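Worksheet: one structure, shown below.
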Protein chains: 2
Amino acid sequence: MENLNSHNMALGRRKQERNWRRQYILNVAERLFAQKGYYQTTMAEIAKASEFGMATIYRFFKSKDKIYLTLLHEKIDLLLRLVKQAIEEAQTPLEKIKAIIQVKLKFFQENRDFFRIYALHRQNIAVLVREELGKKIDRKYQEGLSILAQVIEEGIFQGEFKKFPPKEMAVLISGMIQALIHEWIKSEEEVQLTSKLPVILDFIFYGLKGEKLQREGR
Amino acid sequence: MENLNSHNMALGRRKQERNWRRQYILNVAERLFAQKGYYQTTMAEIAKASEFGMATIYRFFKSKDKIYLTLLHEKIDLLLRLVKQAIEEAQTPLEKIKAIIQVKLKFFQENRDFFRIYALHRQNIAVLVREELGKKIDRKYQEGLSILAQVIEEGIFQGEFKKFPPKEMAVLISGMIQALIHEWIKSEEEVQLTSKLPVILDFIFYGLKGEKLQREGR
DNA sequence: TCCAAATTTGAATGACTATTCTAAAATAGA
DNA sequence: TCTATTTTAGAATAGTCATTCAAATTTGGA
């Protein structure tokens, strides 16, 4: 959660307080949506839990949809930025893939509530995608997939990977990661999600049968 | 859809007609739930689309939940039986994995509507798992995962696969398959889903970098 | 053909909830 | 301190929808 104490003199106190409250509502809504799902969460609950009146919530967000889509959009956007940044810092395709996966694991390890919403959204697409914001979210999601596909294509081009269809490989790898996170959250394991990275990479690069991936220093 | 013409003299006409109508309602509901999602689908719509009155639907199913859970349960059960059967016919762990994946691809290729419901259900779990039927569904789902994990464990024991944690590998592989099917349905590709089997197997057994899987005759 | 039992219907019920409205409270400048 | 403006609260509104009900229809045997 953003810190109320992070003063930004350029914005003015009122604007800053307003931003902070807006963010507070989003955080409360995220928790509720994750716990009970979109339809089971009522505006009255969001109001109660954030200690605002109903109408106040509506002064921040035009509708329930908007709250949901906004929080989804803002965090998907953040994740995408983190992924892009991680790629820039890596050199080889293999390192880039490692970086992407590491970022995702770390991100969802720290944003469990958000994962439930993120993972579930693809179903709701039919209902919410007509909204402009819904389309934006879908585009971001596709962009994330494309980035991975490009890295794989690069690896194939460099002769580092076999000639697989890159887009399909991106889908498979994303699906693996998603399923792993899902299982991790559901089982409430103590172990860190990121600790699974070496096994995943070994599997992705060499498969069930292939040689063992030589571990580089962490 | 089951055939009204498949006479079963042991059951009697009334029983058979009733079964057929029950199945008809389930099929209609499946289509609607897949198209619009659980909450967006109303009982009135199900009644209209199946050409029954509201109250008639309620003579077949106690509630909307029950329709949803029943159709989910019956098809998951069918899929599980198909998977078990496929495994019995295969010899090596590698062949068993191939068989499992092939069965799943074929099944969802022929049951697209059902896939949307199946894939989405994991989120709804929170809401519907308190029902007895909901728990049963979850158990079936876990059983499917366990079967795959056992095959992998067998392969590791036989020295066929590397020493990976079997349960985690099962999760990764299931996630891959699920994502692939999801993408295939969304993109409405013409190509058969099962045509992707060789690539998937190559990836699972040898990874992005490893040697190419020697293709056996189909 | 006729009747009792079973089945079907869709309108009525009751509960729920997103959104709006009105009045009260807080705020900030003078 | 006073007052115009902004913000808040929560009750009222309006609509939706799962479920039930009372009446009508169909069924199958006599």
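We name chains A, B, ... by the order of the sequence lines, and we start the count at 1 in each one. Remember, it's a predicted structure, so these values are computed and weren't measured experimentally.
When the shell of 6.0 Å around CD of E110(A) is examined, it contains more than 12 heavy atoms from other residues, nucleotides or ligands.
Using modelled atom types and a 3.5 Å distance limit, the side chains of Y38(A) and D65(A) yield a donor-acceptor pair. The closest side-chain donor-acceptor pair between Y39(A) and Q40(B) falls under 3.5 angstrom.
Between the OH atom of Y39(B) and the C1' atom of dT16(D) there is a distance of 15 Å, given to the nearest Å. Rounded to an integer number of Å, the gap from E17(B) CD to dA6(C) P is 17 Å. Distance OH (Y68(B)) to C1' (dA18(D)): 17 Å, rounded to an integer number of Å. Atom P of nucleotide dT19(D) and atom CZ of F61(B) are separated by 13 Å, given to the nearest angstrom. The distance from atom NZ of K64(A) to atom C1' of dT16(D) is 13 Å, rounded to the nearest whole Å. The OH-P distance, from Y58(B) to dC17(D), rounds to 12 Å in whole Å. Between the CD atom of Q40(A) and the P atom of dA18(C) there is a distance of 10 Å, rounded to whole Å.
A salt bridge links K84(B) with E143(B): at least one charged nitrogen is closer than 4.0 Å to a carboxylate oxygen.
Separation of atoms NZ (K104(A)) and OG1 (T194(A)) is listed at 15.5 Å; rounding is to 0.5 Å. The distance from the OH atom of Y118(B) to the OH atom of Y141(B) is 5.0 Å, given to the nearest 0.5 Å.
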Give every pair of a protein N or O atom and an N or O atom of nucleotides 4-10 of chain D that lie under 3.5 Å apart, one pair per line with the distance.
from	atom 1	to	atom 2	distance (Å)
dT7(D)	OP2	R59(A)	NH2	2.8
dT8(D)	OP1	R21(A)	NH1	2.4
dA9(D)	OP2	G53(A)	N	2.3
dA9(D)	OP2	T56(A)	OG1	3.1

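Residues from residues 41-48 of chain A lying near DNA chain C, meaning a heavy-atom separation below 4.0 Å, are T41(A), T42(A), M43(A) in numerical order.
For the side chain to side chain contact (heavy atoms under 4.5 Å, CB included) with Q85(A), the lone residue among R81(A), E89(A), E88(A) that qualifies is E89(A).
For the pair L172(A)/I204(B), no side-chain contact is recorded, criterion being any heavy-atom separation below 4.5 Å from C-beta on.
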